*Asks:* 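The structure's right below; bear with me while I get my questions together.
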Amino acid sequence: MNAMHQYLLDASRAARLGDPPPPAPGTHDLAVLRAVRDRRRFARVLAGRPARGGLRAALRRAGLFGAGLLGAGRSVPSRTVPSRTDPSRTDPSRTAPATRSRPAD
């Protein structure tokens with residue numbers, strides 16, 4: 001029996017007894033996850049540890065972050081925007097070729 005079957009049984013039992021129906025499966029999942037996250041952060045603060053960055057620090061200790069598996073620093077190279085004084089912006093060889101019009105028939 002899965003969660004939906006149990007919900008249907010509970011809803012039919014509540015309707016038969018005149019009680020309000022139970023919440024559908026998955027209704028409060030996000031609220032529960034947020035509460036768990038907040039509780040863990042609070043426990044970290046009480047223990048004197050930083051409230052954020054625990055996963056990244058654990059991956060760094062295991063050698064899977066930073067210079068380890070994911071590379072040094074950022075895992076995705078940043079895009080640079082050429083400045084207005086950059087010669088490659090005005091270089092005609094770097095521009096798209098001009099479109100040619102078709103000859104009239």
Side-chain angles (χ1 to χ4, degrees):
M1 178 182 307
N2 61 21
M4 185 56 76
H5 291 134
Q6 185 65 46
Y7 169 72
L8 292 173
L9 285 173
D10 291 341
S12 66
R13 183 180 305 123
R16 193 173 59 239
L17 297 175
D19 294 336
T27 302
H28 302 292
D29 287 354
L30 289 178
V32 169
L33 290 176
R34 284 188 196 108
V36 168
R37 180 196 61 197
D38 292 344
R39 177 68 183 164
R40 293 183 79 194
R41 282 184 180 171
F42 182 67
R44 289 180 66 85
V45 168
L46 289 180
R49 298 189 307 259
R52 298 183 67 181
L55 177 63
R56 186 173 290 168
L59 289 174
R60 192 173 289 122
R61 282 192 305 270
L64 299 175
F65 192 80
L69 182 64
L70 299 178
R74 293 175 59 131
S75 60
V76 178
S78 63
R79 282 183 62 184
T80 58
V81 177
S83 66
R84 291 184 183 206
T85 60
D86 188 9
S88 64
R89 282 183 62 117
T90 57
D91 186 12
S93 66
R94 306 252 325 163
T95 60
T99 58
R100 298 183 197 185
S101 60
R102 294 181 60 192
D105 289 332

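Side-chain atoms are counted along with the backbone in the values below, which use heavy atoms only and exclude waters and symmetry mates. We count residues from 1, following the sequence as given. Keep in mind it's a predicted model, so treat the numbers as computed, not measured.
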*Asks:* Do other residues, nucleotides or ligands put more than 12 heavy atoms under 6.0 Å from R39 CZ?
*Replies:*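 It does not: R39 CZ has 12 such atoms or fewer within range.
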
*Asks:* So, taking the atom named CG in L8 and the one named CZ in R13, what distance separates them when rounded to the nearest 0.5 Å?
*Replies:*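 With rounding to 0.5 Å, CG (L8) is 12.0 Å from CZ (R13).
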
*Asks:* Please say whether more than 12 non-hydrogen atoms of neighbouring residues, nucleotides or ligands are located less than 6.0 Å from CZ in R40.
*Replies:*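 Open: at most 12 neighbouring heavy atoms sit under 6.0 Å from CZ of R40.
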
*Asks:* Could you tell me which non-hydrogen atom of P22 sits nearest to which non-hydrogen atom of Y7, and how far apart they are?
*Replies:*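 In terms of heavy atoms, the two residues are closest at O-CE1, 3.2 Å.
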
*Asks:* Would you give the length of the straight line joining atom CZ of R49 to atom CZ of R44, rounded to the nearest 0.5 angstrom?
*Replies:*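 The CZ atom of R49 sits 5.0 Å away from the CZ atom of R44.
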
*Asks:* Provide the closest heavy-atom pair for H28 versus P23 in the form atom of the first, atom of the second, distance.
*Replies:*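 Scanning both residues, the minimum pair turns out to be NE2-CB, 3.8 Å.
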
*Asks:* I need the minimum non-hydrogen distance between A14 and P20, along with the two atoms involved.
*Replies:*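 For A14 versus P20, the nearest heavy atoms are CB-O, 3.7 Å.
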
*Asks:* Of the non-hydrogen atoms in L9 and S12, which two are nearest, and what is the gap between them?
*Replies:*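 Scanning both residues completely, I find the closest heavy atoms to be O-OG, 2.9 Å.
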
